[in-house]
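Lettering of chains follows the sequences in order, A, B, ..., and the numbering in each one begins at 1.
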There are 4 protein chains.
Amino acid sequence: MSSTRLADDSQSRRERRKEARPGELLDAALDLFVEKGFAATRSEEVAARAGVSKGTLFLYFPTKEELFKAVVRENMSGRFAEWQEEFMKFEGSTADMARHFMRVWWERIGATRASGITKLMISEARNFPELAAFYQQEVIRPGTDLVRRILQRGIARGEFRPVDVEYAVFGVVAPMIFLIMMKHSLGACAPQDYPLDPQRYVDTQMDMLLQGLCARPGAQA
Amino acid sequence: MSSTRLADDSQSRRERRKEARPGELLDAALDLFVEKGFAATRSEEVAARAGVSKGTLFLYFPTKEELFKAVVRENMSGRFAEWQEEFMKFEGSTADMARHFMRVWWERIGATRASGITKLMISEARNFPELAAFYQQEVIRPGTDLVRRILQRGIARGEFRPVDVEYAVFGVVAPMIFLIMMKHSLGACAPQDYPLDPQRYVDTQMDMLLQGLCARPGAQA
Amino acid sequence: MSSTRLADDSQSRRERRKEARPGELLDAALDLFVEKGFAATRSEEVAARAGVSKGTLFLYFPTKEELFKAVVRENMSGRFAEWQEEFMKFEGSTADMARHFMRVWWERIGATRASGITKLMISEARNFPELAAFYQQEVIRPGTDLVRRILQRGIARGEFRPVDVEYAVFGVVAPMIFLIMMKHSLGACAPQDYPLDPQRYVDTQMDMLLQGLCARPGAQA
Amino acid sequence: MSSTRLADDSQSRRERRKEARPGELLDAALDLFVEKGFAATRSEEVAARAGVSKGTLFLYFPTKEELFKAVVRENMSGRFAEWQEEFMKFEGSTADMARHFMRVWWERIGATRASGITKLMISEARNFPELAAFYQQEVIRPGTDLVRRILQRGIARGEFRPVDVEYAVFGVVAPMIFLIMMKHSLGACAPQDYPLDPQRYVDTQMDMLLQGLCARPGAQA
DNA sequence: TATGAATGAGCATTCATTCAT
DNA sequence: CATGAATGAATGCTCATTCAT
């Protein structure tokens with residue numbers, strides 16, 4: 001509590017801010033890129049939202065394009081590998097596993113700012129093909145792999161009907177993507193038209209899907 | 001007769017081109033807007049793709065923004081009313097009706113250039129809120145209304161389980177939107193990673209959905 | 001009155017219009033150039049005001065600059081030569097002669113659309129130096145020559161004091177120019193601020209001037 | 001002291017330039033607008049004359065029109081209030097007062113770059129009506145008010161004949177405006193045709209006017 | 001002749017990027 | 001490291017001019 005400590009404190013706070021700079025810039029950039037797209041976002045605005053000057057932005061990211069790439073990479077957390085393990089250990093019905101997967105996804109990705117990356121990538125893919133390829137590899141493929149494995153587990157254990165797995169995967173993925181797109185696009189414009197309760201949305205979709213997937217004795221299409 | 005013909009012929013090459021211009025420009029603009037987004041599309045490129053000079057574009061659309069709006073409006077033709085009637089006359093199981101709806105949608109929208117509008121609107125909604133509202137009214141609402149009516153018919157006739165219709169609608173819409181987004185975004189970048197056969201995709205999704213929706217005597221989740 | 005006559009009539013009317021075209025274009029151009037300046041006047045607007053199409057304008061005047069020159073030349077009536085004669089025949093006091101000159105000037109130039117040329121030339125002189133030189137020769141010099149001759153007559157006949165003629169000329173010219181500039185500039189913007197009665201203005205200025213010029217027995221500055 | 005000086009010196013070359021920029025730009029713009037008119041002056045040329053790049057101009061003035069307005073406002077300083085006082089204190093004949101007024105006007109306005117504003121305003125009034133109204137209020141009215149007061153003083157003190165003051169004002173103003181217009185228009189094109197010695201011009205005009213205004217015992221028009 | 005669609009050079013304005021401080 | 005003034009390439013848009021009809 002001495003004045004020295006105070007000085008040290010403000011010193012360390014400044015240091016912390018200094019180290020936090022790139023992160024703050026990436027956060028600001030993510031928001032703006034998601035909101036307005038890459039081309040329509042002005043570098044200066046990113047800097048302003050992060051509370052620094054235009055020049056500082058270019059101190060950390062040599063070009064706007066590099067900033068964009070950094071934003072995507074930063075938020076493309078390859079958490080799927082980790083989830084993979086988590087799910088391999090899962091004991092219980094595959095239906096519960098799938099429901100659990102969805103809830104985890106919503107908590108850790110869907111509900112967070114990271115979900116903006118999906119909107120961003122889908123909107124800008126054709127302007128950044130290399131990045132799109134990277135995203136494909138690092139996010140999409142692991143994600144669909146995980147879903148595929150869940151489906152295969154269900155089928156192998158006789159819990160699910162033997163469906164066309166390759167395409168059934170999209171039955172899980174599509175509602176996730178759709179929810180994200182609505183959240184960041186039309187839903188952000190006219191919230192009154194999209195009173196979506198995400199939890200209820202996720203549950204409803206999963207219920208429908210699982211009804212469709214689950215093997216049942218006397219079922220007929 | 002020949003002199004009459006001569007008069008008719010006065011719709012010369014130039015004239016014919018003139019009437020075709022707006023359409024050609026809108027076509028070119030749709031492709032580019034879908035591909036690169038509104039901001040990243042240069043007016044001159046739109047003109048060039050339509051085979052005219054920069055100036056000509058502005059002869060038909062006073063600003064780039066008006067061009068954008070025209071592109072959206074042009075492709076938003078309220079085909080839903082017509083479908084509505086078509087479906088109200090439908091005789092047969094609601095499952096068949098739903099399958100038919102999906103195929104018709106794919107033929108008339110999904111597979112055509114009009115599907116680009118969806119990608120466009122979702123990507124740019126927040127930059128064009130008025131347009132987004134318009135799109136919401138003219139496209140989204142009629143579309144979801146139609147789907148809702150199909151679901152309600154199925155439930156009323158005891159063919160479908162009594163599901164949460166409001167959210168179940170998205171079970172139909174999400175795969176459609178997802179397919180479009182992939183077609184115009186990641187799928188357009190790396191076709192080899194998306195060897196999606198749309199017909200098969202559509203059928204698979206519908207089968208899964210209908211499995212989930214159809215009422216079955218002794219079924220339990 | 002026969003239909004043939006009617007046809008002939010309309011024929012001749014068309015012919016007359018055809019011949020009148022350049023004049024109508026020059027009229028329209030004069031108005032617009034005076035109002036907005038050369039650069040800010042659009043060729044199309046000139047054509048529209050003359051009731052013809054853009055193309056027709058360029059049929060008569062190869063460039064906008066040529067149109068401008070034609071406008072100036074057309075309205076630079078070298079009437080001063082003719083006035084010169086008229087005034088040389090004048091009998092009566094030089095004061096009356098001067099008053100007469102002013103009134104004639106007002107009637108034939110000041111009050112007419114031709115006065116716009118003065119505003120135009122003064123505003124655009126530095127953008128059209130050759131034209132300015134031409135104007136100088138054809139209008140300014142003859143005009144000041146005429147005024148100079150009137151002053152010299154007055155002095156020669158002992159009616160006027162022996163003033164510095166070269167500069168006294170501007171005593172006559174300045175109020176004329178001023179009146180024109182106000183009419184076409186500030187006065188045209190805020191008429192309520194310039195309730196100038198030109199006749200009264202002209203008379204007052206001449207009275208003051210003549211009071212100053214007229215030789216009087218016991219006068220002292 | 002040296003460290004203090006260092007701090008003071010922090011108003012470096014760059015800083016000093018920054019503060020001078022708007023003024024330099026306004027100076028350059030005034031010259032060009034007077035010379036070529038608003039429409040014919042290119043922004044880049046203004047910047048170049050001020051020794052900066054195109055972009056810098058727009059850093060200080062958001063549009064060309066705002067630049068124009070700033071140029072006019074900047075040079076419209078209401079010096080008239082100050083003159084008013086100066087003249088109210090004047091002791092001596094009203095004729096001397098008027099001569100003094102003219103000389104002061106020439107020194108402080110007529111001979112300076114500020115006179116360009118008059119040419120500018122008169123040439124562009126109809127393109128900038130709001131600005132014209134402002135100019136009318138801030139410059140014209142105070143100016144004519146001052147002249148009117150001088151005339152009234154002369155009449156009240158029996159030095160001047162009881163003339164139509166409202167219109168007589170223009171007898172003073174017209175030669176001033178005329179001189180300015182010539183200086184910036186035809187006179188600037190062909191100096192050899194206008195070897196006007198402003199001092200002599202001003203004196204001649206005032207002499208003529210005062211001769212016309214001064215009350216004389218047995219005078220008759 | 002008259003038209004008006006088409007052109008493209010030209011200009012105002014923006015914005016990513018640089019760099020002196 | 002941080003700043004923000006300065007830059008100039010890029011782009012939307014205008015308008016004089018052309019030319020097929």
Q. With under 30° as parallel and over 60° as perpendicular, where do the rings of B:Phe38 and B:Phe128 fit, or are they tilted in between?
A.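 Because their plane-to-plane angle is over 60°, the rings of B:Phe38 and B:Phe128 count as perpendicular.
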Nearest 0.5 angstrom please: [X] [atom1] to [Y] [atom2], how far?
X: D:Glu24; Y: D:Glu19; atom1: CD; atom2: CD; value: 11.5 Å
X: D:Leu30; Y: D:Thr41; atom1: CG; atom2: OG1; value: 10.5 Å
X: C:Glu45; Y: C:Leu32; atom1: CD; atom2: CG; value: 5.0 Å

Measure the distance from [atom1] on [X] to [atom2] on [N] and round it to the nearest whole Å.
X: C:Leu25; N: E:dT3; atom1: CG; atom2: P; result: 10 Å
X: A:Lys64; N: E:dT14; atom1: NZ; atom2: C1'; result: 11 Å
X: C:Leu32; N: F:dA16; atom1: CG; atom2: P; result: 12 Å
X: C:Phe58; N: F:dC15; atom1: CZ; atom2: P; result: 13 Å
X: A:Leu57; N: E:dC19; atom1: CG; atom2: P; result: 17 Å
X: C:Arg42; N: F:dC13; atom1: CZ; atom2: C1'; result: 13 Å
X: C:Phe68; N: F:dT17; atom1: CZ; atom2: C1'; result: 19 Å
X: A:Glu44; N: E:dA16; atom1: CD; atom2: P; result: 9 Å

Q. 5'-most contact on DNA chain F: D:Gly51 or C:Gly55, nearest heavy atom basis?
A.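 First, find each residue's nearest nucleotide; the 5'-ward one identifies D:Gly51.
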Q: Hey, which sits more toward the 5' end of DNA chain F by its nearest nucleotide, C:Phe38 or B:Thr41?
A: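 Its nearest nucleotide lies further toward 5', so the answer is B:Thr41.
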(Q) At 4.0 Å (heavy atoms only), tell me whether A:Ser43 reaches a base, stays on the sugar-phosphate, or touches nothing. (A)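 Counting heavy atoms under 4.0 Å across all strands, the contact made by A:Ser43 is with sugar-phosphate only.
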Q.
Categorize B:Tyr60 for me: base, sugar-phosphate, or nothing, with a 4.0 angstrom heavy-atom threshold over every strand shown.
A.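 If one applies the 4.0 Å heavy-atom cut-off, B:Tyr60 turns out to touch the sugar-phosphate alone, with no base involved.
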Q: Would you mind telling me which of F:dT17, F:dT3, E:dT3 lies closest to the side-chain atoms of C:Val52?
A: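 Nucleotide nearest to C:Val52's side chain: E:dT3.
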Q.
Pairing check on E:dT21: which nucleotide meets the Watson-Crick or G-U wobble criteria with it, both distances under 3.5 Å?
A.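 In the structure as shown, E:dT21 has F:dA2 as its Watson-Crick or wobble partner.
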Q. Does F:dA16 pair with anything, Watson-Crick or G-U wobble, both distances under 3.5 Å, and if so, with which nucleotide?
A.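 Answer to the pairing question: E:dT7, which forms a Watson-Crick or G-U pair with F:dA16.
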Q. Is D:Lys54 side chain donor-acceptor paired with the E:dT13 base, going by distance under 3.5 Å alone?
A.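 Check passes, donor-acceptor contact within cut-off.
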(Q) Can you work out whether C:Thr56 or B:Leu59 has the more 5'-proximal nearest nucleotide on DNA chain E? (A)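 The residue mapped nearer the 5' terminus is C:Thr56.
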Q. Are D:Phe33 and D:Leu67 side-chain neighbours, meaning at least one heavy-atom pair lies under 4.5 Å?
A.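 They are in contact (side-chain heavy atoms under 4.5 Å apart), so the answer is yes.
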